Each structure stands twice: as structure tokens, then as C-alpha cells.
Number of protein chains: 2
Amino acid sequence: MRKRVTIYEVADAAGVSVATVSRALNGGRVAPLTRARVLRTAERLGFSPSPAARVLATGKSRAIGVVIPDATGPLYGRMLRGIGLELAQAGYTYLVESSERDPARERQVLRDLSARDVEALILIGSGLGPRSLAAMQGGLPSLVLVEREGADLAAPMITIDNESAAERATRYLIEHGHTRIAHIAGPRRAGRERLAGWRRALEAHGLAPGPVANGGFTEEGGYRAAQALLARGGFSAVFVASDRMALGAYRAVREAGLRVGADVSVVGFDGLEFGTYLDPPLATLRQPAQQLGQAAARAALAVTRGERPENVVLSCELVPRASVLEYGGGL
Amino acid sequence: MRKRVTIYEVADAAGVSVATVSRALNGGRVAPLTRARVLRTAERLGFSPSPAARVLATGKSRAIGVVIPDATGPLYGRMLRGIGLELAQAGYTYLVESSERDPARERQVLRDLSARDVEALILIGSGLGPRSLAAMQGGLPSLVLVEREGADLAAPMITIDNESAAERATRYLIEHGHTRIAHIAGPRRAGRERLAGWRRALEAHGLAPGPVANGGFTEEGGYRAAQALLARGGFSAVFVASDRMALGAYRAVREAGLRVGADVSVVGFDGLEFGTYLDPPLATLRQPAQQLGQAAARAALAVTRGERPENVVLSCELVPRASVLEYGGGL
DNA sequence: TATAGACGTGTAAACGCTTACATCTGGATC
DNA sequence: GATCCAGATGTAAGCGTTTACACGTCTATA
């Protein structure tokens, strides 16, 4: 372990007191010449202040905790990048922990993180419900919620505009001549809002809602839901509430002897990479993952300053692809 | 900010001195009854020791720094999970930073991380070369290198057995009757070793090496390399040194009016998720990402204990898929 | 019965910063 | 020329732990 250069050695070498060194380093009032000399000395000695000592003295750890549901989720990497970039600018870092979608583990992770001197906690995606959170909240640092339920938690929420995005997706299908549009839905708030957007688009165009099936946001669920819908028929396009479910739907369509695009148009949600490689490539709504992260980080920083930041709602971008074709009178 | 319960309050409440509380908490010698009373009191008051104070007093931060090349890379999430799981068991956490494949930024990130009291640094994937690292090493905590060059750096290295894996991949093609096998190669150590494995497999079966083209580990590079190979011809199968390049190769094959599998068998490397969704699904060698992470974490922990851990070499698993078919006399 | 450990506990000094307060200097003001 | 005040610097008290050392108290041994 490399030996630490302390502020005392810098003070000695520069011929001033430690207080002056500290002030020179942190922008306190110091005579310009003294400051220059101190900085030069610090540089020469390779001084870098001990974060631990600083935390102890100031009570500010300059660290934010982040909880994600799943370390391998493709969107979380982008969110973390957004968080990291934004925090770095303010001289903050973050600690990530993954709940692996296990409530017990999430509780553990929350406790763990708050025992580690983080100034705020960013909670991403689904996990413990608002009630469990509220119960723990006393022992936790301030929260920032990203795409997560928690209306009455008095915590800033960063979300995407699921309803508008879903409406846009559905409108995209309508613009391609489809009038009978089914929906494969997902659970929780995100699922409900996407369903609402689908419905709103149809109403706005005077169309009757097509059949709906629930897919639980999993590939297998999407497969089953699509099978159920195909068995009933009565639609030429389907808006699927997640790309992962759309994957299952592709399989069901193929197994039914039909072709995605030509026979059934499909639009997904999330904008995951694999959609590009499907045959045909999957039209979808891209989540602004990195921006979500940035917004969350900004909110977290505001919270540490004692502010009460606004909620943020970001919108998704439509990615048109060949899984949606002009309605040709099939089905 | 929640008020801290300090060790003094616990000591008072339990009627002992702070030294005893500390010992009771950390497994020093304390009378069993006293220990029980202290623990109960601590629990009741919701005491949790200040990490900063602890770090300051002990000089151990219980944190490891991790540098990855790219926050959104699909393998890194898995590695981080492995690292996190392993470290958590030892009561450690980690700080991640991404270099975004920019040398200047990587230097910055290294400095930043080492200024943050990490006890060791795990460097994942390509980045600063051994010489630049060696130059900085004086100012850095001990390193652990994962899939990265750095022979003479006196740091434990965690790698995969690229050569054996590449040999396995090539053998897989040979087992399917292919005798003229091309290679799309990548740069750096990983690229060289995979090339060597390909060559070794061919030699072992008395086959002449087919044509080789370089793809730079990018999709576009893979595309170009495949185009070049197809222009020359003379092979019925190709071992591509990364899935990402294989993606480009697929495109080139398709544009040449051929079919992957039927006309040209392809096997990739890495085991990325999207390979499943290609048409046909891409046979590949799966990297043991999570295990790499675990091994790296174990090595890092050993290093903090002053040990000098062994290098670790992990092997990849062949994932057979339909991009490789029995040689049928085509091409 | 004296005595050497062994064991349990307490006292106080670090660890490396920040910062309130005190001190000193040198004009500016009357 | 005395008085103030502002600006620069120093002194020292925390921040919340760990831990070396000192100090009893017992029990086992001679």
C-alpha cells in the first residue's frame, strides 16, 4: 500500500499551516501567491486528499447509491453511463448493487448501501413496492425513483412518457393502414400506461380497440399471448409492450405459418439491440436510457443539496423498421 | 440527512466503553455476556458504524475499483455481477468507471479511482498498453488484469484460453466435414491467440490453413473481411474471431447471394445474446463472463491481503447452432 | 499464601481532513 | 496619529472509529 502524503507534509513543505493548505485546495480565501505556492507544492509531492478523512470531517461522502434490478439488463448499462457521466462532473461517484429481482435481496442491498455513507439512493426499475419502501424510508437516505412506482413517497420520479410513446407506436400502425390492432400488454404501471396509450390512439382515430392479451413482460409470456391472439384472430397488427415479448410473438406468428410484416405487423417497445437482427427487424420505441440516467443523477445531486427537484418525464423515439408494413388486406 | 448513532451512544447505553463496543462488534475478546448486551443495544439503537471513520482508523477502505472499456458492453454487465457477488461476500464493494475506449479518459479514470481509496484496481479488457500502465503504476493501487495485455506488470492476470477455444471452434467445423476453413481475425493478444488456435486445429488434422482476413473486432470490419474472403473463395467455412464481426460476415454472405449454413458455415466467438436471433442462429464460443468477474474479484481480495495470487485461465463453452452445417460439397 | 498469567475492560492516541475562532498585519478613515 | 476594519493566516477542536497499552480480577500453580 502506497504511503499517503498528508496535508501536514504539504503544509510543512510550503511553509504554511494545514488550514491554509486546505483553504487553498478548496477555494477558501487565501492570498493568490500563497495559493499558487501551495498548489505547486501539493502537485510536486503528489498529494491527494484522503476521501475518508474528508467525509469524516464534512459529513458529505460525494457518493450516490444505485440499485438496479438486474446487472445484465441491456438498458441498465446505458443508464449507468448517464449517471456516471453526470455525477463525475460534480465530483461524485456511485456504488451500484443489483437486486437480481429478489425482494429480500433488494432490502438487503438497500440496507447495505445506506450503511455505506451514500448521500442519496437512485432506485431503477421495478422492485419493492411503495409500501415496503415507505416502511424502510426512515432508515434510508433520500430516494430518486427511475421508472418505478412510488407516487406518495415524496421522492423525485424520473420516468418516460409511456402513454404518449404507446400512442405513437399505435399511430404508426394506423398510419400504415391498419385498423384492427391488437395489444400484448405488460404488468405494473408501465404496462398500464402503455395499454392506455394504445387505447387513446385508437379512440382518437375512431377505431375499436382490438383484442388484448397479457404477456408479463417476458419472452415466453409474449409467445403465449400472441398464440392466444392468433387463435382468436381479428387483427392485422399488434402493438407489443416490450421487445422481449415481441420476440415471443415473432415465434408464435412464425409457428402459425404467418410472416411478421407481410401478414401481421408488429411494433415493440424498449429499443433493445437484438431487434435490429430479427427477421424482419423489429420496429420499436427507443427508451432514452442514458438520458434517464443523467436526469436521475441530476435529481440525486439536487437532493443532496437539500433541494426538492421536479419530476422528469422523458419521451421515447419511434424506430421504424420492416416489421410494420402497409396493410395489404391480409388476415 | 439522518443523524448518526455513534459508538459512544451505544457504549453509554450498554454501560461499557467504546473500546468494548468496538471489540464486541469486530470479534475482539469480550466476555460473552457483555458482547450479547452490546450487540443488543447496538441493534436497538440502530447503530451502524461510519465507514469513513473506520477507513480512517484502519486504512482499509473495503472497496475495489473496476475499469471497463464500455459501459454498455453486454459482457461487462455479467462480469460486474460476478465481481459484485464475490466482493459482497467479503464485505467489499466496488466502484466502476468506464474509459469509453479513450486512452486519455482511461488515464483520468485511473487517477480518479486511485484517489478514492480503493484497495485494488481491476482493469477489464483492452485499454492503455502495458508500457503506459507501468509508467503510472507507481501512483496506483495494485492491479488485477482481466483479458488484457500486461505480461511484465507483476499483476495477476485473469484470462480465457483463447487458443483452445479457437481450436475447439475450428475443430467443430472440421467435424462437420469442412476442410477448407477461412478465418476472420482480430487485433491484439486475443486476436493473435484465436488465430493460433485456428491454425493449431488445422495442423492437428493435417489441413492447410485457409485464407485469413482482418476484421478489427468490429461489425463493419467483419463485413469487409468477409467480402474480401468471398472474392477470393476457396473455403466452405469460416471461423470468425468475434460475434460482432460474424454479424458483418452474415451481411456479406447474404449480399453475395449465398446462405450462411447451407453455403458457408460460420462460427463466432463471445456468445453474445443477439447470436440467438440471427438467421440462422450463430454457433459461437461462450465467454465465461461472470466467472471471469468472480475470479478477478477473488484475485483482488487476495491482493489486498498482501498475497500474490496465481493467474487464472478459464475456458469457453462451444454453443453449437445452425450456422454450421455438414459440408455438402458446395462452394 | 504469594504470584504469575490469562482474561476482561478502560483510557487515550492516532487516522487526515475541515472549519470556527483567534491573531496579526497593513492600509483607510477621521 | 489613533482607530477600525478587512484580509490573510494560524491554532486547535472536532468528525467516529480502531487499537496499543495499562489496569484490575481471578484462577491455577508453586
Side-chain angles (χ1 to χ4, degrees), chain A residues 1-42 45-63 91 114-119 141 304, chain B residues 1-39 41-42 45-63 91-92 114-119 141 304:
Chain A
M1 186 136 301
R2 307 153 297 135
K3 248 277 276 340
R4 259 233 108 80
V5 180
T6 75
I7 202 175
Y8 284 93
E9 308 173 33
V10 177
D12 275 4
V16 295
S17 75
V18 292
T20 300
V21 175
S22 176
R23 280 188 287 251
L25 260 35
N26 301 309
R29 44 172 2 108
V30 184
L33 275 70
T34 315
R35 154 162 293 133
R37 182 156 38 93
V38 169
L39 293 182
R40 209 161 352 100
T41 315
L45 299 183
F47 168 75
S48 99
S50 151
R54 214 203 276 262
V55 170
L56 196 54
T58 61
K60 322 223 70 195
S61 65
R62 317 213 125 226
S114 32
R116 275 187 195 273
D117 264 356
V118 297
E119 293 181 37
T304 66
Chain B
M1 187 137 300
R2 306 152 298 134
K3 248 278 276 341
R4 256 229 112 80
V5 180
T6 75
I7 202 176
Y8 285 94
E9 308 172 33
V10 177
D12 276 3
V16 294
S17 76
V18 293
T20 301
V21 175
S22 176
R23 280 187 288 251
L25 259 36
N26 300 310
R29 42 169 8 104
V30 183
L33 273 72
T34 315
R35 153 163 293 134
R37 182 156 38 93
V38 169
L39 293 182
T41 315
L45 299 184
F47 168 76
S48 99
S50 150
R54 213 202 275 261
V55 170
L56 194 55
T58 61
K60 324 222 70 197
S61 65
R62 316 213 129 227
Y92 274 63
S114 34
R116 275 186 195 273
D117 263 357
V118 298
E119 294 182 36
T304 64

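The structure presented is a predicted model; accordingly, all values stated were derived computationally and were not measured. In what follows, every heavy atom counts, from backbone to side chain, and hydrogens, waters and symmetry copies are set aside. Letters A, B, ... mirror the listed sequences (proteins, then strands); counts begin at 1.
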message = Roughly what angle, to 10°, lies between the helix axis at the start of the helix from C:dT1-D:dA30 to C:dC30-D:dG1 and the one at its end, five pairs per end?
response = 50°
query = Looking across every strand, which nucleic acid part, if any, lies under 4.0 Å from B:Ala19 by heavy atom: base, sugar-phosphate, or nothing?
reply = base
task = Measure the distance from NZ on B:Lys60 to P on D:dG16 and round it to the nearest whole Å.
result = 24 Å
query = D:dC15 P sits how many Å from B:Arg54 CZ, rounded?
reply = 19 Å
ask   = On DNA chain D, nearest-nucleotide positions of B:Thr20 versus B:Ala52: which is more 5'?
value = B:Ala52
ask   = Any ion pair linking A:Glu119 and A:Arg62 (charged N to carboxylate O, less than 4.0 Å)?
value = no
task = Just call it for A:Val55: base, sugar-phosphate, or nothing, with non-hydrogen atoms closer than 4.0 Å on any strand.
result = nothing
key: Test item: A:Leu56 and B:Ser50 side chains (from C-beta on) under 4.5 Å apart, heavy atoms   = yes
key: Any side-chain heavy-atom pair of A:Ser22 and A:Ile7 under 4.5 Å   = yes
key: From D:dA20, D:dT17, D:dG10, nucleotide with atom closest to B:Arg23 side chain   = D:dA20
task = Measure from the side-chain N and O atoms of B:Arg35 to the backbone N and O of B:Gly28, and report whether any donor-acceptor pair falls under 3.5 Å.
result = yes
side-chain N/O A:Thr34 vs D:dT9 OP1/OP2, d < 4.0 Å = yes
query = Less than 4.5 Å apart, any side-chain heavy atom of A:Leu25 and any of A:Val10?
reply = no
key: Nucleotide D:dG7, atom P - distance to CG of A:Leu33 in whole Å   = 17 Å
note = Judged by nearest nucleotide, the residue sitting upstream toward the 5' end of DNA chain C, B:Thr58 or B:Val30, is B:Val30
key: Whole-Å gap separating P (D:dG16) and CG (A:Asp117)   = 10 Å
key: Span of DNA chain C, from the first to the last nucleotide whose atoms fall under 4.0 Å of chain B heavy atoms   = C:dC7 to C:dG16
note = Of the listed D:dT11, D:dG7, D:dG16, the closest approach to the A:Leu56 side chain comes from D:dG16
key: Flag side-chain contact, heavy atom, 4.5 Å: B:Val21 against B:Ser17   = no
inquiry  = Quick check against the 3.5 Å criterion: does B:Arg116 have a side-chain atom that pairs as donor or acceptor with the backbone of A:Pro51?
reply    = no
key: Value in whole Å for how far the P atom of D:dA6 lies from CZ of A:Arg29   = 10 Å
task = For A:Thr20 and A:Val16, indicate whether the former's side chain and the latter's backbone hold a donor-acceptor pair under 3.5 Å.
result = no
task = Report yes if at least one side-chain N or O of B:Ser22 is closer than 4.0 Å to OP1 or OP2 of D:dT18; otherwise report no.
result = yes
request  = May I have the distance from A:Ile7 (atom CD1) to D:dA12 (atom C1'), rounded to whole angstrom?
outcome  = 14 Å
task = Using atom types as modelled and distance alone, determine if a side-chain donor or acceptor of B:Thr41 lies under 3.5 Å from a backbone N or O of B:Arg37.
result = yes
query = DNA chain C: B:Pro32 or B:Ala53, which has the more 5' nearest nucleotide?
reply = B:Pro32
ask   = Any Lys/Arg nitrogen of A:Arg54 or B:Asp117 sitting under 4.0 Å from an Asp/Glu carboxylate oxygen of the other?
value = no
